[in-house]
**Q** 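Dropping a structure here in C-alpha cells format, bear with me for questions.
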Amino acid sequence: MTQVSTNKRTALFPGTFNPFTAGHADIARRGLAIFDELIIGVGINASKPKADAEAVLEPIRRLFAGEPRIRVEAYSGLTVDAARQFGATALLRGVRSAKDYDYERDMADINHQLSGIESVILFSKPELGAISSSVVRELQAYGVDTSAFLPK
C-alpha cells in the first residue's frame, strides 16, 4: 500500500518588492502550480517605520485577496530564519537574466548550507524580463506612467 503524504508544500517567496511588479505577480501565480501554499515574504528594514512596511504589504494583500493559498507577511533578518518561522519547506525565486541566475544560485547554495532549505527558481516570461522594481522606481521618480509594469 502506498502512503500518501499529508505534508503541505509551503514556499517562501522573499523580496523587498518595492514595488511589487507584474513579474513578481507572475512568479507568485506560477509558484502555486508547484506549492500548496505560498508566503510572499516582504523583507523589512527593522529601523524603518511600520507605516513603510504597510505601504508595501497592503497592495500585495489586495492583489491576492481572492487566493487563499497566498499569504503576505513581513519579516526582518535572515530569509532562512523567516522560512523556518513561517513553516516553509522551500524558497521560491524568480530569475530574469544570467546575472540574476548567478546571484540566485550563490544565494541558494548559502541558504542550503545554513538551513538545508531548497530553492526553486522560476525563469521570468520573456515579456516580463526587463521589469525590475528599481527600474519602476526610477521611472516613477521621473513621473513616467508605470502601470504597464505593475499588476493589474
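Keep in mind that this is a model prediction, so the values were computed, not measured. No hydrogens, no waters, no symmetry mates; every other heavy atom, side chains included, goes into these values.
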**Q** Evaluate the side-chain proximity of F20 to P151: yes if any heavy-atom separation is below 4.5 Å, no if none is.
**A** yes
**Q** Any idea which heavy atoms bring G31 and L122 closest together, and the distance?
**A** N-CD1, 4.0 Å
**Q** Please answer whether the main-chain N or O of E104 pairs with a side-chain N or O of R93 as donor and acceptor at a distance below 3.5 Å.
**A** no
**Q** Just jot down the side chain to side chain contact (heavy atoms under 4.5 Å, CB included) partners of R29, sequence neighbours excluded, or say none.
**A** A25, L63, F64
**Q** What is the ring orientation for Y101 with F123, classed by angle as parallel under 30°, tilted 30 to 60°, or perpendicular over 60°?
**A** parallel
**Q** Could you check if a side-chain atom of L92 sits within less than 4.5 angstrom of a side-chain atom of I27, using non-hydrogen atoms only?
**A** yes
**Q** Where do N18 and T16 land on the side chain to side chain donor-acceptor pair (under 3.5 Å) test, with the steps shown first?
**A** CA-CA 6 Å; N18 185 19; T16 54; over 6 Å; no
**Q** Please report the closest heavy-atom contact between I39 and E73, naming both atoms and the distance.
**A** CG2-CG, 3.9 Å
**Q** Using modelled atom types only, decide if a donor and an acceptor are shared between the side chain of R69 and the backbone of F35 within a distance under 3.5 Å.
**A** yes
**Q** Do F13 and I117 belong together in a cluster built from hydrophobic side chains that touch within less than 4.5 Å?
**A** no
**Q** Got R30 and K125 here, is their nearest side-chain heavy-atom distance under 4.5 Å?
**A** yes
**Q** What do the steps show when you test L12 against T79 for side-chain contact (heavy atoms from CB on, under 4.5 Å), and what is the final call?
**A** CA-CA 9 Å; L12 174 63; T79 297; 4.0 Å; yes
**Q** Consider only side-chain heavy atoms of I, L, V, M, F, W and Y, link residues closer than 4.5 Å, and tell whether L128 and V95 are in one cluster.
**A** no
**Q** Do F149 and T146 come within less than 4.5 Å of each other through their side chains, counting heavy atoms only?
**A** yes
**Q** Would a hydrophobic clustering, with Ile, Leu, Val, Met, Phe, Trp and Tyr connected at side-chain separations under 4.5 Å, put L78 with L91?
**A** yes
**Q** Using side-chain heavy atoms (C-beta onward) and a distance below 4.5 Å, is I40 in contact with F17?
**A** yes
**Q** Does any non-hydrogen side-chain atom of H112 lie less than 4.5 Å from one of S119?
**A** no
**Q** Examine distances only and state if a side-chain atom of N111 and a backbone atom of V80 form a donor-acceptor pair shorter than 3.5 Å.
**A** no
**Q** Ion pair present between R61 and E54, side-chain N to carboxylate O less than 4.0 angstrom?
**A** yes
**Q** Taking all heavy atoms of S147 and all of K152, pick out the closest pair and write down the distance.
**A** O-NZ, 3.7 Å
**Q** Mind running side-chain contact (heavy atoms from CB on, under 4.5 Å) on S133 and H24 for me, showing each step along the way?
**A** CA-CA 9 Å; S133 293; H24 294 134; 3.2 Å; yes
**Q** Grouping I, L, V, M, F, W and Y whenever their side-chain heavy atoms are under 4.5 Å apart, do I60 and I70 come out in a common cluster?
**A** yes
**Q** Would you check if P14 and Y75 make a side-chain contact, meaning some heavy-atom pair closer than 4.5 Å?
**A** yes
**Q** Look at the side chain of T89 and the backbone N and O of T10, then say whether any donor-acceptor pair between them is shorter than 3.5 Å.
**A** yes
**Q** Quick check: are there more than 12 heavy atoms from other residues, nucleotides or ligands sitting under 6.0 Å from CD of E138?
**A** no
**Q** Got a donor-acceptor contact below 3.5 angstrom from the D26 side chain to the A22 backbone?
**A** no
**Q** Quick check against the 3.5 Å criterion: does T21 have a side-chain atom that pairs as donor or acceptor with the backbone of L150?
**A** no
**Q** Do the side chain of R9 and the main chain of E37 share a donor and acceptor less than 3.5 angstrom apart?
**A** no
**Q** Answer with yes or no whether the hydrophobic clustering places V136 together with V42; edges join I, L, V, M, F, W, Y residues whose side-chain heavy atoms lie under 4.5 Å apart.
**A** no
**Q** Supply the members, apart from Y103, of the Ile/Leu/Val/Met/Phe/Trp/Tyr cluster built from side-chain contacts under 4.5 Å; use none for a lone residue.
**A** M107
